[in-house]
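What follows is one structure encoded as structure tokens, with my remarks underneath.
Residues: numbered from 1 along the sequence shown.
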Amino acid sequence: PHPVQGRPGHLCEGTSGRQGLGGQLLAEGRGAPLEKGAPLPPKTFVSVDNGAGQDGDRALSTCPPGGLGRACRGGRTRAEAAEGASFAAFWGARTVFAHKRSAAALHEDIKMKKTICLLPGDGIGPEIVAQGVAVLEAVAKKFGHEFDFVPALIGGAAIDATGETLPSAPGGPCPAATVEACQKADAVYLGAVGGLKWDNIEPARRPEKGLLGIRKALGLFANLRPALLLPELAGACLLRSDIAARGLDLIVVRELTGDIYFGEPRAIEERNGLRVGYNTMIYDENEIRRIAKVAFETARQRRKKVCSVEKSNVLETSRLWKAVVQEVHADYPDVELSHMYVDNAAMQLVRDPSQFDVILTGNIFGDILSDEASVITGSLGMLPSASMGAQAPALFEPIHGSAPDIAGQDKANPLATILSAGMMLRLAFGLSEEADAVENAVRQTLRDGFRTGDIMEDGCILVGCAEMGRLVAERL
């Protein structure tokens, strides 16, 4: 969900308006510009970026007299700043900054200091994360922020270095030190995990289990995967030209911590002399309800259409899913709800993707459909994602895998990773202007004709991973 529009350094008025995930969404941030050094009127707050708040904000206008206030998704307490101070909350009312009561101090504190935990992982992960970091450093320099990068191990890299596993189900190559580093950070930035090197180790210790484990440890239940056909890449689109001309701009909201990937029991065992493998597809109604709310809130910020995808004609899990989604929809009468079986959804994504706005679905269906939605835009190397929970930190990563066949060859496309950094700036830090700058820099690089191998077209200039990252940073 995008911030409500405000203007940097302007007073914001009012709290009436739309409801967010956790409370009231602020009204539009209109008001008089602040003069440096000028005292603030009682009970006012200030927009410190291009948005006064995001879904889930609560009652910033109740700051004490002379207080400044700002919150982002999940700010669960009132702005409890002392008189003459400011208060900012991010994802669970975590204090971000506090300063004296003056517009001059505000202008200084607009600059942010954030800690980002880096999980480069395996394969091309270290290469693409390095380019994302370079772009974030360029953003920090341009806008005056400070980002502290803390590297940690995950996936095959963790297996090779430590062999340690997460001490909770479902287990995997995610050291306890990694979990701790992520929990202390303001956001987590991940490359990719997995590779042929680790295919023959026991299933519970495979690299992919580390990714599932960190999602579970951080409570990241909602995965947002946008799929957008950029005009600059229309030639790389795999759809027929008449279908592509209708446009492709959707987002898959995928439940991330339940379903068959986490369900128990699971095993490979012998029955009557035959090997048998089984998994458990399971959801409870609360897991469905919370992801449905995310989808409806997201749709309110877009074209107000949700398509819930399941397989209720054969699966009991899907029958419950459909029933709970319909119950949640009663709270969102302004959003259109439709239902579709997953096999039909897979076909419709190719036949006419323009019909979709927000696709709401479970873990395994969402995994498959989001990959399909993204690849028809031209390349998996172009699309970012965000995994979010009820509180910080969120995790940002490209949707593609570790591509071990091209690892270390400077052939990887870093743009999905760079765009994931843009999502981080927007959703985790509330820095809309900075996020726009990253996205515009990517598009300008493409307009200037530069391509990595996966999106190469006639008449364009082939560049490697490092050069593509440099070109984007340069255009900031």
Side-chain angles (χ1 to χ4, degrees), residues 222-256 258-261 281 283 288 291-292 294-315 317-318 321-322 325-326 329 335-387 397-401 413 415-416 419-420 423 454-455 457:
N223 182 234
L224 278 62
R225 290 188 170 188
L228 172 66
L229 178 58
L230 298 175
E232 295 84 1
L233 291 178
C237 179
L238 301 181
L239 299 173
R240 286 201 328 252
S241 58
D242 60 315
I243 296 176
R246 299 176 206 157
L248 169 58
D249 180 7
L250 61 88
I251 185 167
V252 178
V253 176
R254 166 192 171 195
E255 201 287 326
L256 204 57
D259 208 347
I260 202 165
Y261 290 167
M281 176 178 277
Y283 272 118
I288 301 169
I291 193 66
V294 172
F296 285 116
E297 292 289 348
T298 301
R300 276 183 167 173
Q301 305 301 320
R302 292 173 53 90
R303 302 191 301 276
K304 297 186 178 182
K305 294 170 59 179
V306 170
C307 179
S308 177
V309 174
E310 26 76 5
K311 193 64 175 170
S312 56
N313 57 336
V314 293
L315 295 174
T317 306
S318 286
W321 179 282
K322 185 174 182 178
V325 169
Q326 289 173 328
H329 180 232
V335 178
E336 176 187 331
L337 173 64
S338 61
H339 302 273
M340 192 174 290
Y341 295 147
V342 64
D343 45 356
N344 186 31
M347 179 183 69
Q348 293 297 330
L349 274 172
V350 176
R351 179 179 174 273
D352 182 18
S354 66
Q355 67 185 282
F356 296 107
D357 178 20
V358 175
I359 294 176
L360 164 64
T361 191
N363 205 344
I364 188 169
F365 296 158
D367 192 5
I368 298 167
L369 292 178
S370 58
D371 278 0
E372 180 191 2
S374 60
V375 77
I376 61 179
T377 66
S379 172
L380 285 173
M382 286 302 303
L383 298 182
S385 76
S387 300
E397 61 177 315
I399 73 164
H400 58 70
N413 183 347
L415 294 181
L419 290 170
S420 295
M423 290 188 76
D454 59 311
I455 54 173
E457 300 177 70

Could you tell me whether a side-chain N or O of [X] sits under 3.5 Å from a main-chain N or O of [Y], the two making a donor and an acceptor?
X      : Y      : result
Asn413 : Leu415 : yes
Ser420 : Glu397 : yes
Arg254 : Phe365 : no
Lys305 : Gln355 : yes
Arg302 : Asp249 : yes

Practice item. Tell me, yes or no, whether the heavy-atom count around Arg351 atom CZ, taken from other residues, nucleotides or ligands under 6.0 Å, exceeds 12. Key: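 At most 12 heavy atoms, drawn from other residues, nucleotides or ligands, come within 6.0 Å of this atom.
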
Review point. Quick one: does Asn363's side chain get under 4.5 Å of Ile260's, heavy atoms only?
Key: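 Side-chain contact under 4.5 Å: no.
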
Where [X] and [Y] come nearest, the two heavy atoms and their spacing:
X      : Y      : value
Ala373 : Thr377 : O-CG2, 3.4 Å
Met281 : Asp259 : CG-OD1, 3.1 Å
Lys304 : Asp357 : N-OD2, 3.2 Å
Ser312 : Tyr341 : OG-CE2, 3.5 Å
Pro353 : Leu239 : CG-CD1, 3.7 Å
Ala416 : Met382 : CB-C, 3.6 Å

Exercise for review: Would you list the pairs meeting salt bridge (Lys or Arg N to Asp or Glu O under 4.0 Å) in which at least one residue belongs to residues 338-349, sequence neighbours left out?
Suggested key: Lys311-Asp343

With a 3.5 Å cut-off and sequence neighbours excluded, list the donor-acceptor pairs that the side chains of residues 241-248 form with protein atoms.
residue	atom	partner	partner atom	Å
Asp242	OD1	Arg240	NE	3.0
Asp242	OD2	Arg240	NH2	2.9
Arg246	NH1	Asp352	OD1	3.3

Just how far is it from atom [atom1] of [X] to atom [atom2] of [Y], taken to the nearest 0.5 Å?
X      : Y      : atom1 : atom2 : value
Leu360 : His329 : CG    : NE2   : 11.5 Å
Leu238 : Leu229 : CG    : CG    : 10.0 Å
Phe356 : Leu369 : CZ    : CG    : 8.5 Å
Gln326 : Trp321 : CD    : CH2   : 13.0 Å
Cys237 : Leu230 : SG    : CG    : 11.0 Å

Exercise for review: List the steps and the verdict of side chain to side chain contact (heavy atoms under 4.5 Å, CB included) for Val325 and Ile288.
Suggested key: CA-CA 7 Å; Val325 169; Ile288 301 169; 4.1 Å; yes

Check your understanding: Step by step, would you call Thr317 with Glu310 a side chain to side chain contact (heavy atoms under 4.5 Å, CB included)?
Key -> CA-CA 9 Å; Thr317 306; Glu310 26 76 5; over 6 Å; no

Check your understanding: Passes side chain to side chain contact (heavy atoms under 4.5 Å, CB included), Leu250 versus Leu349? Steps please.
Key -> CA-CA 10 Å; Leu250 61 88; Leu349 274 172; 3.8 Å; yes

Exercise for review: Evaluate the criterion side chain to side chain contact (heavy atoms under 4.5 Å, CB included) for residue pair Glu255 and Val294; output intermediate values, then yes/no.
Suggested key: CA-CA 10 Å; Glu255 201 287 326; Val294 172; over 6 Å; no

